[in-house]
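A quick write-up on the structure given underneath.
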Amino acid sequence: MSTGENPPEKRPVKSADRTIELLEALARADRPVTLTELQRDLNYPKSSLYMLLRTLIGRGWAETDRHGVTYSLGVRALLVGTSYLDRDPVVRAAAVVLEQVRAEINETVHLARLDRSDVVYLASRESLHHLRFTSRVGRRQPAWATALGRAVLSMRDDGERHIPDVLAPLTKHTVTSRQDLLLELENARLRGYADEKEQNTPGLGCVAVPLPYTSPVTDAISASVPLVRLDEAHHAQIVTVLGEAARQIVQLFRQEAL
């Protein structure tokens, strides 16, 4: 007779769940955080949280300062993240193509993947206009507020599920009306690309196209351009170049998958 409980093999392991949630909390933090801050975020008993942190520190997944007051991710997290990128067939397929796109349009180009309500950057090639080279790889942004995310969401039947109830603005230009956002997604679907101006970063515009190598779509590529350079002709060039790049990446991915 059924007890109404999940079979044992389907029940989450509490300690594993908590460890993963703790690692994700450390990854979200933009600075080292204290035990109190982590406890407030995760609502775990402090004693259990402290023991989890000590275990992660011992295995190199977390680090603490010399006073043992603040905590951050350890080098093991970087090693695992790098391994993920090294083995990902889309990242491999896109590597040469992104270089070609950057050379052709001389703008910063990105490859990103949908993860819940965010997009995570998997690869970037910086424009030669940039004097500082900072990688976005591994960072995340709200999918609904980026051209990358909108390109992906516009191609998915479940796109609305990845949009939060409250659209908190990232800049004064960010679309915060759900109705307006859905209209932008529909326009992106019809055009085959998404774009935005200063909705994610002041002074920047972005154009993105989806990579339809899977169903539903999960990935997209984009070009980020300072608005002073993003005139109508350059915008049209970027749309054309990204569209061709997307076709090349999908073809390379499918060849590798054979």
Side-chain angles (χ1 to χ4, degrees), residues 81-127 135-163 181-182 184-196 200 204-225 230 234-258:
T82 301
S83 179
Y84 175 85
L85 294 175
D86 289 343
R87 288 165 172 75
D88 187 274
V90 180
V91 175
R92 289 199 300 266
V96 174
V97 179
L98 292 179
E99 291 284 0
Q100 293 171 348
V101 171
R102 191 266 303 272
E104 188 166 354
I105 64 175
N106 196 14
E107 303 295 353
T108 299
V109 293
H110 305 291
L111 165 68
R113 178 164 297 159
L114 183 68
D115 179 42
R116 300 176 187 174
S117 62
D118 296 335
V119 285
V120 178
Y121 290 85
L122 302 181
S124 292
R125 299 293 186 275
E126 293 287 343
S127 163
S135 176
R136 290 196 190 185
V137 173
R139 299 184 183 182
R140 60 177 59 235
Q141 291 286 344
W144 58 271
T146 64
L148 280 162
R150 292 175 183 178
V152 172
L153 296 180
S154 71
M155 300 295 290
R156 295 177 64 106
D157 292 336
D158 66 347
E160 281 196 65
R161 280 204 307 115
H162 298 271
I163 302 173
L181 176 61
L182 293 177
E184 290 202 14
L185 293 181
E186 176 61 15
N187 289 336
R189 185 187 67 80
L190 294 173
R191 294 183 313 219
Y193 70 88
D195 58 7
E196 54 88 5
N200 181 257
L204 283 183
C206 191
V207 181
V209 298
L211 298 177
Y213 67 91
T214 60
S215 182
V217 173
T218 59
D219 298 353
I221 56 173
S222 74
S224 297
V225 190
L230 192 57
H234 195 31
H235 183 282
Q237 179 198 20
I238 290 170
V239 170
T240 300
V241 171
L242 288 180
E244 177 57 32
R247 285 187 285 274
Q248 290 181 40
I249 292 170
V250 171
Q251 183 177 16
L252 289 169
F253 170 80
R254 289 174 176 164
Q255 290 174 354
E256 186 168 319
L258 291 177

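This structure is a prediction, so every number in the text was calculated from the model and none was measured.
Residues I221 and V109 fail the side-chain proximity criterion, which asks for heavy atoms closer than 4.5 Å.
Among all heavy-atom pairs drawn from G205 and L230, the shortest one is CA-CD2, 4.0 Å. Here the closest heavy-atom approach between residue F253 and residue A93 is recorded as N-CB, 3.9 Å. Closest heavy-atom contact between G159 and L153: O-CD2, 3.8 Å. Scanning all heavy atoms of the two residues, the minimum distance from R140 to D118 falls at NH1-OD2, 3.0 Å. Closest approach of L111 and A94 over heavy atoms only: CD2-CB, 3.9 Å. Contact record, L98 with A123: CD1-CB, 3.8 Å, taken as the closest heavy-atom pair.
Here the CD-OG distance, from E107 to S127, works out to 5.0 Å after rounding to the nearest 0.5 Å. Atom CZ in R92 sits 14.0 Å away from atom CD1 in I249 (nearest 0.5 Å). In this structure, CG in N200 is found 4.5 Å from CD in Q141, a value given to the nearest 0.5 Å. Atom OG of residue S224 and atom CG of residue L204 lie 6.0 Å apart, to the nearest 0.5 angstrom. Put simply, CH2 on W144 and CG on L182 are 12.0 Å apart, with the number rounded to the nearest 0.5 Å.
Judged as a side chain to side chain donor-acceptor pair (under 3.5 Å), and not counting sequence neighbours, the contacts of D88 are R113. Applying the side-chain contact (heavy atoms from CB on, under 4.5 Å) test to E99 and every residue at least two apart in sequence or in another chain returns R102, R125. Residues passing the side-chain contact (heavy atoms from CB on, under 4.5 Å) test with V239, sequence neighbours excluded: Y193, V207, H235. Residues meeting the salt bridge (charged side-chain N to carboxylate O under 4.0 Å, His left out) test with R87, sequence neighbours left out: none. In this structure, the side-chain contact (heavy atoms from CB on, under 4.5 Å) partners of E184, at least two apart in sequence or on a different chain, are R150, V175, Q199. For the salt bridge (charged side-chain N to carboxylate O under 4.0 Å, His left out) test, no residue two or more places apart in sequence or in another chain qualifies with E196. Residues satisfying the side chain to side chain donor-acceptor pair (under 3.5 Å) test with R116, not counting sequence neighbours, are none. D157 is linked by a salt bridge (charged side-chain N to carboxylate O under 4.0 Å, His left out) to nothing, counting only residues two or more places apart in sequence or in another chain. Annotation: side-chain contact (heavy atoms from CB on, under 4.5 Å) contacts of E186 (sequence neighbours excluded): R189, L190.
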What do the steps show when you test R156 against L114 for side-chain contact (heavy atoms from CB on, under 4.5 Å), and what is the final call?
-> CA-CA 11 Å; R156 295 177 64 106; L114 183 68; 3.9 Å; yes
Kindly indicate, with the supporting measurements, whether the criterion side-chain contact (heavy atoms from CB on, under 4.5 Å) is fulfilled by I163 and L185.
-> CA-CA 11 Å; I163 302 173; L185 293 181; 3.9 Å; yes
Walk me through it: do V90 and L122 pass the test side-chain contact (heavy atoms from CB on, under 4.5 Å)?
-> CA-CA 9 Å; V90 180; L122 302 181; 5.9 Å; no
Listed pairs under 3.5 Å, donor-acceptor, residues 208-218 side chains, sequence neighbours left out:
from: Y213; atom 1: OH; to: D219; atom 2: OD2; distance (Å): 2.5
from: T214; atom 1: OG1; to: P216; atom 2: O; distance (Å): 3.1

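The salt bridge (Lys or Arg N to Asp or Glu O under 4.0 Å) analysis of residues 236-252, with sequence neighbours excluded, yields the pairs E244-R247.
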